[in-house]
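Structure record follows, encoded as structure tokens.
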Amino acid sequence: MGRNISSAMVEHLDFFQSFDDVKVYYDNGQDIVKQALDRSVGKALSKGVVRRRKTSMTVYRLEQVADYLCTIELALVKYEAKEDGETYNKFFGGIGSFKRNWPKQARSKRI
């Protein structure tokens, strides 16, 4: 996970360097994710520009959007690996319904 984050940040380094500050918002829900973010951002960007903030999903809309997009991508991976389970089927309506609607809608929102 850390390598993927670092690679993506290095690939888009010009974009990140165009800002005076880069804020990393994470609710510390999973320690492994927190560690990957901390290490990756620290490697890719100068420590002087990185600001870390603990967040609450009820306060930050951007975090809610990021969580939604990650959920859709994770669901796609799980469906393709046949590891989806009944919760995914109840929420998304099965793999066919999911693939016809959710990934297309979520990916149209990418920057």
Side-chain angles (χ1 to χ4, degrees):
M1 183 185 325
R3 279 188 299 240
N4 291 342
I5 295 169
S6 293
S7 294
M9 291 189 77
V10 169
E11 184 177 328
H12 301 285
L13 193 56
D14 290 340
F15 172 76
F16 288 106
Q17 288 179 335
S18 69
F19 300 98
D20 293 331
D21 290 324
V22 175
K23 296 179 181 176
V24 178
Y25 290 99
Y26 184 63
D27 66 358
N28 294 335
Q30 295 181 22
D31 192 52
I32 193 166
V33 175
K34 179 188 178 305
Q35 290 176 17
L37 283 169
D38 287 347
R39 287 188 198 127
S40 303
V41 173
K43 284 181 187 175
L45 302 175
S46 166
K47 290 184 183 3
V49 300
V50 177
R51 308 275 185 254
R52 288 178 175 76
R53 302 283 188 264
K54 185 174 181 193
T55 63
S56 165
M57 290 290 254
T58 59
V59 177
Y60 295 100
R61 288 185 187 161
L62 182 58
E63 186 175 338
Q64 291 172 336
V65 171
D67 189 53
Y68 163 74
L69 295 174
C70 290
T71 298
I72 298 302
E73 292 299 326
L74 177 62
L76 182 60
V77 168
K78 289 197 172 208
Y79 271 121
E80 288 176 348
K82 299 193 183 336
E83 297 174 357
D84 44 287
E86 193 57 31
T87 301
Y88 283 95
N89 292 331
K90 284 181 180 177
F91 187 81
F92 295 117
I95 189 169
S97 175
F98 173 80
K99 284 188 171 183
R100 278 191 305 277
N101 300 303
W102 295 88
K104 186 186 310 178
Q105 178 191 49
R107 289 178 176 164
S108 72
K109 308 295 185 219
R110 286 184 176 176
I111 296 176

About how many Å separate CZ of R100 and CD of Q105, when rounded to the nearest 0.5 Å? 14.0 Å
Residues that, via side-chain heavy atoms closer than 4.5 angstrom, fall in one hydrophobic cluster with F92: V65, Y68, L69, I72, L74, L76, Y79, Y88, F91, I95, F98, W102
Could I get the full list of side-chain hydrogen bond (donor to acceptor under 3.5 Å, both in side chains) partners for E73, not counting sequence neighbours? R107, R110
Not counting sequence neighbours, which residues clear side-chain hydrogen bond (donor to acceptor under 3.5 Å, both in side chains) with E80? List them please. none
For residues 3-15, tabulate all N or O donor-acceptor pairs below 3.5 Å that involve a side-chain atom, not counting sequence neighbours.
from: S6; atom 1: OG; to: G2; atom 2: O; distance (Å): 3.1
from: S6; atom 1: OG; to: S40; atom 2: OG; distance (Å): 3.4
from: S7; atom 1: OG; to: R3; atom 2: O; distance (Å): 2.9

